[in-house]
Q: 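Input: one structure, supplied below.
Order of the sequence lines sets the chain letters (A, B, ...), proteins ahead of strands, with each chain counted from 1. Computed over heavy atoms, backbone and side chain alike; hydrogens, waters and symmetry mates excluded.
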There are 2 protein chains.
Amino acid sequence: MNISTRGRKIPPSPIRKLVPYAIDAKKRGVSVYHLNIGQPDIETPASFWNAVHSYPARVLAYGNSQGIPEYRQWLAKYYRANNIDVDENEILVTTGGSEAIMFAMLAVADPGDNIIVLEPFYTNYNGYAVMTDIKLNPIATQPEQGYHLPPAEVIESKVDERTKAILICSPNNPTGTVLTGQEIEIIADIAEKHDIFVIADEVYREFIYEGVHTSILHIPKLHQRGIIVDSISKRFSCCGARIGAVVTKNTDIMNSVIKMGQARLCPPTVEQYGAQAVLMQLSEDYFSKMVSEYKNRRDVTYEELMKIPDVVCKKPSGAFYIMAKLPIDDVEEFAKFLLTDFSMDGKTVMIAPGPGFYATSGLGNSEVRIAYVLESEKMRDAIRILAKGIRAFNNR
Amino acid sequence: MNISTRGRKIPPSPIRKLVPYAIDAKKRGVSVYHLNIGQPDIETPASFWNAVHSYPARVLAYGNSQGIPEYRQWLAKYYRANNIDVDENEILVTTGGSEAIMFAMLAVADPGDNIIVLEPFYTNYNGYAVMTDIKLNPIATQPEQGYHLPPAEVIESKVDERTKAILICSPNNPTGTVLTGQEIEIIADIAEKHDIFVIADEVYREFIYEGVHTSILHIPKLHQRGIIVDSISKRFSCCGARIGAVVTKNTDIMNSVIKMGQARLCPPTVEQYGAQAVLMQLSEDYFSKMVSEYKNRRDVTYEELMKIPDVVCKKPSGAFYIMAKLPIDDVEEFAKFLLTDFSMDGKTVMIAPGPGFYATSGLGNSEVRIAYVLESEKMRDAIRILAKGIRAFNNR
């Protein structure tokens, strides 16, 4: 009795597969700094909790498949405040950014088609590619270039007759890189020339420490070929709410994802109500306070990383991740070692190994993703422990 | 710029596509009995609301990809109380029964493979089949036989080398039919003989008015080839919570769906907490009261339907649907007519047309699904209006 090929081939989460070792470490009394997962420690806004705690209905009914209309109106206002000119009919509320990614991929590509993606990339694109039988067509970016775009010719050389889209993520998970307006224009030109879609994961839109964010829907020539996948998880510290969105001005794509939305009935009702309350009551300084906190964490993390000999890393401008090349040959082994064979003053760190963020096998063996989701002084301590761990691993 | 073939081919929800006509009817002042959607009017248990209203965390964090461990323990207890012998590691909590269906389909079949399904069937199997590029391999059942199984030879004749599973739903949506233990045994024998899986949608497990429910995991020979897809939506009147489950004793399947679960991170956190509270505080008579209420509604609905000349329908033993064959040639047109051109004392009914529940084109044109989710006297009134609507449609 055989399960499906895709059922076998889906990669386990590279972020979560070390969890059993972390549990064992804690059982031994070792405290673990979790730099491995993008789970913010910032409190979810009180407006969200107040709404959830006072949700008035007696019957928890199905909502609209496209998302609760009033919530979509507030979302449209939010996007317009970000110079993304959409109305509520150009938004489908999804169950997390995850579902948005899957729906967007399904809407543009059939089995055997491919989607260009810059490596390293958010690891779950891999899982959805296997589930939907789409090939990821990866283009490597380099730590030495701060993981920015390679020349346009390199990207274009990857486009073939089965390429249906370019998938970008800016600010980037896992690298923290923010694509410039010029880079988005380059992608728009390639998409137009080859008549393909651009899917943009913009869940870290507000997490910008230098420069500005350019959305694909800021670029007129992407109005019809752009699909934003989005989520409230990070910006409102609401990871467990599972509320995201597909945003597109292309009516064929919207009609298609609405039908997918009908197949799964609706996204969670109470959380949409909570998310709407957050948008309705958002204080003017909410994002500036949050960004200031993360910028501080980034600066400390980067400063400490730079003290480690032979680390390669450009200071990233966004999100809350740093991808760095370490003086380590086998980072998978190293990540495990940190949990099983190392501690400093009763503490260790859990990191996300690089290879899980690549589709090309053999890449990322010296790279690591660090989520700076802890307070600055904890980050400082954690990176110092990491530094000592590197020495211990290389001297073992 | 073309969207994907599957993106185009996903059928719109046959239940929801009449919604704009219903909205128009209401604008004209016509009141609409919604018999078209399985949205119970029963109150969600107070234990659920109490838990949600007092959810204690300040950060709404990601939960475990497999589902919150404590909730899974309570779920395992619930299943064991239903003579389904599983532990918490044999359960993956999903985002609604919808995700459970999709994960189960993905785990057993690759693009181009097929899954046998008895027609008529829950319409969203169609949507997921298109999204996952799996073919539904339909076997028609008949209103005259109460939509029970055809002879085993008929089912076996449909099995080919790309058949990976038989998908059943009992108690059935849309027919209300409860498969007997003997029927489940027949399916088990076919599955064993041809070495394929059995996926069972058992979300209406408790909605049984005569006889008993046989789960596929009651049958020893299905322990390794059985996959239950489940949901709390109906039994706890929690449709908007989006909490379901995949339950299987097959470790290959479980490992596969856990990896799918990791790709989408986690199901909604607060609702799992609510669902756990319901299981912890479930009163002994919760289900018997609910079943007694629905049995009454079914009896009234059936009684009134039988008064309409030329209606074909056997009294169904479960769920909260009746599928009936009406003296109507084009039920799609009839359903629209009821909303646009008909009313009785300022009221009309909205029904779900049969064709949407079939994969075979041309079937179901005279059938209709009626969800008896309203109080008995409303159901009586609604079916009387339907009867008058049939006459008006045929005399128009």
Q: Side chain, backbone, both or neither: which part of B:Ile42 has a heavy atom under 4.5 Å from chain A?
A: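 Backbone of B:Ile42 only, per the 4.5 Å heavy-atom cut-off to chain A.
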
Q: So which of A:Glu43, A:Arg58, A:Met131 has the biggest tally of heavy-atom pairs under 4.5 Å with chain B?
A: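 Looking at each of A:Glu43, A:Arg58, A:Met131 in turn, A:Arg58 comes out on top.
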
Q: Taking atom NZ as the centre, does A:Lys26 end up with more than 12 heavy-atom neighbours from other residues, nucleotides or ligands that are less than 6.0 angstrom away?
A: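 Atom NZ in A:Lys26 is crowded, with more than 12 foreign heavy atoms closer than 6.0 Å.
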
Q: For B:Phe48, which atoms come within 4.5 Å of any heavy atom of chain A: side chain, backbone, both, or neither?
A: side chain

Q: How close do A:Ala241 and B:Pro268 get, counting heavy atoms only, and between which atoms?
A: O-CB, 4.4 Å

Q: Walk me through it: do A:Asp41 and B:Val59 pass the test side chain to side chain contact (heavy atoms under 4.5 Å, CB included)?
A: CA-CA 7 Å; A:Asp41 62 343; B:Val59 178; 5.8 Å; no

Q: Count the heavy-atom pairs under 4.5 Å between each of A:Gln224, A:Lys9, A:Met260, A:Gln272 and chain B, then report the option with the highest count.
A: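 Maximum pair count with chain B is reached by A:Met260.
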
Q: Determine, stepwise, if the pair B:Val270 / A:Tyr55 fulfils side chain to side chain contact (heavy atoms under 4.5 Å, CB included).
A: CA-CA 13 Å; B:Val270 174; A:Tyr55 185 75; over 6 Å; no

Q: Kindly say whether B:Gln262 contributes a backbone atom to a donor-acceptor pair with the side chain of A:Ser13 at under 3.5 angstrom?
A: no

Q: Is the backbone N or O of A:Arg6 less than 3.5 Å from a side-chain atom of B:Asp110, with the two atoms forming a donor-acceptor pair by type?
A: yes

Q: Is it the case that the side chain of A:Lys259 and the backbone of B:Ile10 share a donor-acceptor pair, with hydrogens and angles ignored and the cut-off at 3.5 Å?
A: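 Checking the backbone N and O of B:Ile10 against the side chain of A:Lys259, a donor-acceptor pair under 3.5 Å is found.
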
Q: Of all of B:Ala46, B:Cys239, B:Ser98, which one pairs up most often with chain A through heavy atoms under 4.5 Å apart?
A: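 So the answer, after comparing B:Ala46, B:Cys239, B:Ser98, is B:Cys239.
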
Q: Where on B:Pro45 is there a heavy atom nearer than 4.5 Å to chain A: the side chain, the backbone, both, or neither?
A: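 The answer is neither part of B:Pro45.
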
Q: Would you mind telling me which of A:Gly127, A:Ser54, A:Ala57, A:Pro40 has the largest number of heavy-atom pairs within less than 4.5 Å of chain B?
A: A:Ala57

Q: Using non-hydrogen atoms only, which part of B:Asn2 is less than 4.5 Å away from chain A: side chain, backbone, both, or neither?
A: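 For B:Asn2, the contact with chain A is made by the backbone alone.
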
Q: Give the member of A:Gly97, A:Ser256, A:Ala165 that has the highest number of heavy-atom pairs under 4.5 Å with chain B.
A: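 Among the listed options, the one with the most contacts to chain B is A:Ser256.
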
Q: Are side-chain heavy atoms of B:Phe236 and A:Leu60 found at a separation under 4.5 Å?
A: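 Not touching, per the 4.5 Å side-chain cut-off.
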
Q: Using non-hydrogen atoms only, which part of A:Arg8 is less than 4.5 Å away from chain B: side chain, backbone, both, or neither?
A: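 For A:Arg8, the backbone is the part near chain B, not the side chain.
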
Q: As an exercise: rank A:Asn250, A:Leu106, A:Ile258 by heavy-atom pairs under 4.5 Å with chain B and give me the winner.
A: A:Leu106

Q: Side chain from CB out, backbone as N, CA, C, O: work out which of these in B:Thr95 comes under 4.5 Å of a heavy atom of chain A, or both, or neither.
A: side chain

Q: Kindly give the heavy-atom pair with the smallest separation between B:Tyr62 and A:Ser233, and that separation in Å.
A: OH-CB, 4.3 Å

Q: Decide side chain to side chain contact (heavy atoms under 4.5 Å, CB included) for B:Ile3 and A:Phe197; before the verdict, give the C-alpha distance in whole Å, the side-chain angles of both, and the deciding distance to 0.1 Å.
A: CA-CA 9 Å; B:Ile3 72 166; A:Phe197 289 98; 4.1 Å; yes

Q: Select one option (side chain, backbone, both, neither) describing which atoms of B:Val108 are under 4.5 Å from chain A's heavy atoms.
A: backbone

Q: Using a 4.5 angstrom heavy-atom cutoff, name the option from A:Val130, A:Asp113, A:Thr269, A:Asn124 with the most pairs to chain B.
A: A:Asn124

Q: Measuring heavy-atom distances to chain A, does B:Tyr125 have an atom under 4.5 Å in its side chain, in its backbone, in both, or in neither?
A: neither

Q: Using only atom types and a distance under 3.5 Å, with no angle test, would you say the side chain of B:Ser4 pairs donor to acceptor with the backbone of A:Ala107?
A: yes

Q: Where the side chain of B:Gln39 meets the backbone of A:Ala61, is there a donor-acceptor pair that is under 3.5 Å apart?
A: no

Q: Please answer whether the main-chain N or O of A:Arg264 pairs with a side-chain N or O of B:Arg242 as donor and acceptor at a distance below 3.5 Å.
A: yes

Q: Do you know which of B:Ile253, B:Val257, B:Thr132, B:Asp252 has the most heavy-atom pairs under 4.5 Å to chain A?
A: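 When all of B:Ile253, B:Val257, B:Thr132, B:Asp252 are compared, B:Thr132 has the most.
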
